[in-house]
Visitor: 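The structure follows.
For the single chain, residues carry numbers from 1 onward in sequence order.
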Amino acid sequence: MSEQAILELDHDACKTQAMAYLEQGFNCAQAVACTLAPAIELDVDQTFRLMEGFGGGMGGYTETCGAVSGAVMATGWVKSAGSENPVSKMETYQLADQMCARFKAQNGTTICSELKGIGNPAGPLRSCPGCIQDAMDIAIDVLQADARAGE
């Protein structure tokens with residue numbers, strides 16, 4: 001894994017790419033994960049396929065925001081020691097917790113239906129594009145801080 005590629009991620013360029021993916025029909029999870037894929041040495045098409053079921057808050061159930069799921073997937077790929085040595089879960093969980101906590105602090109929730117305002121007369125808390133941009137910023141911040149800590 002190239003820590004240098006993670007350190008070189010540019011917030012604005014990544015958000016632009018994620019929005020382009022969204023416009024191409026990618027779901028929120030795919031937009032975030034596929035944008036991060038090259039920097040974390042993943043194939044974009046395989047990432048697209050793996051993240052397909054996470055859009056709409058996991059298969060349209062409107063549970064955990066897909067953009068957050070895409071960011072957490074990238075963290076797992078970066079931090080995992082792999083199936084031969086399953087000892088890295090706690091480090092991955094800590095970074096995933098940071099991402100989720102920051103997203104929730106910024107948007108009030110990580111739940112897709114609440115973000116979209118489903119059943120809430122007050123309306124949405126955050127748009128899907130906004131959630132993607134927020135998740136992208138948070139993922140980059142957390143992954144870069146972790147990469148710097150490992151230097």
Visitor: I want to check something: taking the side chain as every heavy atom from C-beta on, are H11 and M136 in contact at a cut-off of under 4.5 Å?
Guide: no
Visitor: If I take atom OG1 from residue T75 and atom CG from residue D97, how far apart are they, to the nearest 0.5 angstrom?
Guide: 11.5 Å
Visitor: When you compare the side chain of V142 with that of Q94, does any pair of heavy atoms fall below 4.5 Å?
Guide: no
Visitor: Would you say that K79 contacts D146 through its side chain, given a criterion of any heavy-atom pair below 4.5 Å between the two side chains?
Guide: yes
Visitor: Please check: side-chain N/O of E91 versus main-chain N/O of S88, any donor-acceptor pairing under 3.5 Å?
Guide: no
Visitor: Sort out for me which residue in N107, T109, I111 forms a side chain to side chain contact (heavy atoms under 4.5 Å, CB included) with L125.
Guide: T109
Visitor: Less than 4.5 Å apart, any side-chain heavy atom of C34 and any of Q17?
Guide: no
Visitor: Quick one, I138 and V68 - any side-chain contact, counting heavy atoms below 4.5 Å?
Guide: no
Visitor: Looking at D137, V72, T64, D134, which one forms a side chain to side chain contact (heavy atoms under 4.5 Å, CB included) with F103?
Guide: D134
Visitor: Please answer whether the main-chain N or O of R148 pairs with a side-chain N or O of E3 as donor and acceptor at a distance below 3.5 Å.
Guide: no
Visitor: Following the transitive rule for hydrophobic clusters with a side-chain heavy-atom cut-off under 4.5 Å over Ile, Leu, Val, Met, Phe, Trp and Tyr, establish whether L95 and M51 coincide in one cluster.
Guide: yes
Visitor: Could you tell me if the side chain of N120 sits less than 4.5 Å from the side chain of E114, heavy atoms only?
Guide: no
Visitor: Mind telling me whether F48 and F26 have parallel, tilted or perpendicular rings, with 30° and 60° as the class edges?
Guide: perpendicular
Visitor: With the side chain counted from C-beta on, respond yes when F54 and V32 share a heavy-atom pair under 4.5 Å apart, and no when they do not.
Guide: no
